[in-house]
2 protein chains.
Amino acid sequence: MAKQNTVFKDAFNRCLKLLAETSSLPSEPELGTTLGVSRTTVRAILTRMEELQLLAWDKRAKVVLRQPKPEDYYPAEETDSLSDIIERSFMRRILAGGAEPGMQINELELARDIGTGTTSVREFLIRFSRFGLIEKRPNSHWILKGFTREFALELTEVREMFELRSAASFAALAPDHPAWADLDRIETLHHEILADIDNRYKEFSELDERFHLLVHTSSSNRFIVDFYDIITIVFHYHYQWNKTNARERNARALEEHLDYIAALRSRDPARIETACRRHLKSARETLLQSIQ
Amino acid sequence: MAKQNTVFKDAFNRCLKLLAETSSLPSEPELGTTLGVSRTTVRAILTRMEELQLLAWDKRAKVVLRQPKPEDYYPAEETDSLSDIIERSFMRRILAGGAEPGMQINELELARDIGTGTTSVREFLIRFSRFGLIEKRPNSHWILKGFTREFALELTEVREMFELRSAASFAALAPDHPAWADLDRIETLHHEILADIDNRYKEFSELDERFHLLVHTSSSNRFIVDFYDIITIVFHYHYQWNKTNARERNARALEEHLDYIAALRSRDPARIETACRRHLKSARETLLQSIQ
DNA sequence: AAACTGTCTATTGTGGATAAAAGACAAAAT
DNA sequence: ATTTTGTCTTTTATCCACAATAGACAGTTT
């Protein structure tokens, strides 16, 4: 098959949710904007909804006939984009299956394993190579450099440089800059999670990403912001396989964040630097502990 | 055609030069190591040399029959790898052809223009995207973000952070570290070029890259070293299209380098920082001047 | 007049095919 | 006992084909 229609399936599922809330759907261009897809895909969705007797569709009239049932949705496995599937599969392989540094990575084998074509695997590897975990030998295989202690140290060294600089520039943002409002919302969430930490500590990972990305974004430097992708992916998979003391670690990090946020609000450079350094230091330690 | 045999042609040309200097060629594995290709390619080269009556080849005996003539070589255009061709072609397009920021980049059109398949163009764009000059809209085109003033400022901001840090760590290298010997050689070249600046100022660009890469490498941080690729490509193409006052600019930069090198030797952090900052500042100004 | 729909075209994403290049292994030579 | 060669298999680099998706334009509706 040439291309999976995952964009269609995912948008269809999201459109079902919209449909559940109204008696008629808006115009095709409007739906396209809402769902983030082209009109071609919108029309495919409407056609499918008609087939399923969910909708009576005639030109502008899009009347909802019945509520969607669970079986109307496409299964979640079919809505993942191929690159996500390859990423997950690859990460599992290199993290789970004893990823010896120096190991060779074989495009063909990986493709067979995942059940996909080589082109997609190749493109994934090229994209992934910017994370510094693999390296290409031209006309030959890729080398896994491994998720080693050195990797973590190099990563955190740059992270710390970038985040200190970003935090400093955050303090210089105009008082009416929208980032301050974002910061408020993020702070509120911190308090909410801390208040019910036993049940909600798992929400930390996502909040952590959101907070640090906000800080990095204030640097207005694409290289700094882009670098945060590496942090994100590393921590994302790191949280998935290192769950020891997650509750305690997350509670502590939340407290550190609150201190860091207060420092940002104070706009006092010295205080910001202290709070930022303290938090980054403990983040680094957490990461390092999970490695050896 | 599935794959151009540029590896073979390029290695063949290089092997002709080796052949010109001896009466017999070494073993296949040894040749492979020297030329940086596999035995398969070495054997293809030897076969071709036999056809051209350059060599009498029987197992271990590889007797040179005659000196290579100019027409024995493959033309230079045929030895460039496809990715180099695409890179040059792309850079010419976006630098020469009024590269408006926000312009769309079309894979198919680019491929037709260069006379190649879409896959190779796509892979090039993915690799190139890490330089922050283009950005992908999934399921749609690429956007050219343009070689703008902002780009240059963001690039130099990170460069300065990285280079200051690398320079500081350079001073901490053990006295017997090979980098010091490299530094000696680089310094000597500086003096040689300065002594004959009117004729040799064009050699600066390459020497500049070599010097800064050496400094960056001492950081032992893959992210810092990899980032230098961006600097390299930007300055490489920048030097090609901005040649005003090249002699003066290069002479000044060479002097600054010498000062910077002396500072590194002194191992005095304050002096290093001063020299490094001064040079980076003038490099930034040169780059910015070429933009608007 | 502005927004929407019908229809058509162009481009992207992905699998498959194939030549080039790498590389494995046993037999042969030093 | 290495190193080299002969032979064969595997993998990479690249083109091509085709479905999915985006997008353009004219005609239609409000």
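Because the structure is a prediction, the values reported are computed rather than measured. Order of the sequence lines fixes the chain letters, A, B, ..., with proteins taken first and strands second; residue numbering starts at 1 for each chain.
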- Task: With heavy atoms under 4.0 Å as the rule, sort B/Arg137 into base, sugar-phosphate or nothing.
- Result: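 The residue B/Arg137 makes no contact with any strand.
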
- So what does B/Gln4 touch, heavy atoms closer than 4.0 Å: a base, only the sugar-phosphate, or nothing?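 Sugar-phosphate only.
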
- Query: Could you state the CG-P distance from A/Asp58 to C/dG6, rounded to the nearest angstrom?
  - Reply: 8 Å

- Item | Nearest-Å distance for atom pair CZ/C1', residues B/Arg122 and D/dC15 |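 One finds 14 Å between C1' of D/dC15 and CZ of B/Arg122, rounded.
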
- Task: Quick one: pull up CZ in A/Arg127 and OG in A/Ser83 and give me the separation to the nearest 0.5 Å.
- Result: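 A/Arg127 CZ to A/Ser83 OG: 5.5 Å, rounded to 0.5 Å.
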
Does the side chain of [X] get closer than 4.0 angstrom to OP1 or OP2 of [N] through an N or O atom?
| X | N | answer |
| --- | --- | --- |
| B/Lys59 | D/dT3 | no |
| A/Arg43 | C/dG6 | yes |
| A/Thr41 | D/dA22 | yes |

- More 5' along DNA chain C: B/Leu108 or B/Gly36, using each one's nearest nucleotide?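 Its nucleotide being nearer the 5' end, the pick is B/Leu108.
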
- Item | Salt bridge flag under 4.0 Å for residues A/Arg93 and A/Asp113 |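 Counted as a salt bridge, because a side-chain N and a carboxylate O are separated by less than 4.0 Å.
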
- Query: When the nearest nucleotide of DNA chain D is assigned to A/Thr119 and to B/Glu28 on a heavy-atom basis, which residue is associated with the more 5' position?
  - Reply: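 The residue closer to the strand's 5' end, by nearest nucleotide, is B/Glu28.
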
Could you list the protein-to-nucleotides 23-26 of chain D atom pairs, N/O on both sides, closer than 3.5 Å?
{"residue": "D/dG23", "atom": "OP1", "partner": "B/Ser140", "partner atom": "OG", "Å": "2.8"}
{"residue": "D/dG23", "atom": "N7", "partner": "A/Thr40", "partner atom": "OG1", "Å": "3.4"}
{"residue": "D/dG23", "atom": "O6", "partner": "A/Thr40", "partner atom": "OG1", "Å": "3.1"}

- Would you indicate which nucleotide in C/dT14, C/dG6, D/dT4 comes nearest to any side-chain atom of A/Lys3?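 It is C/dT14.
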
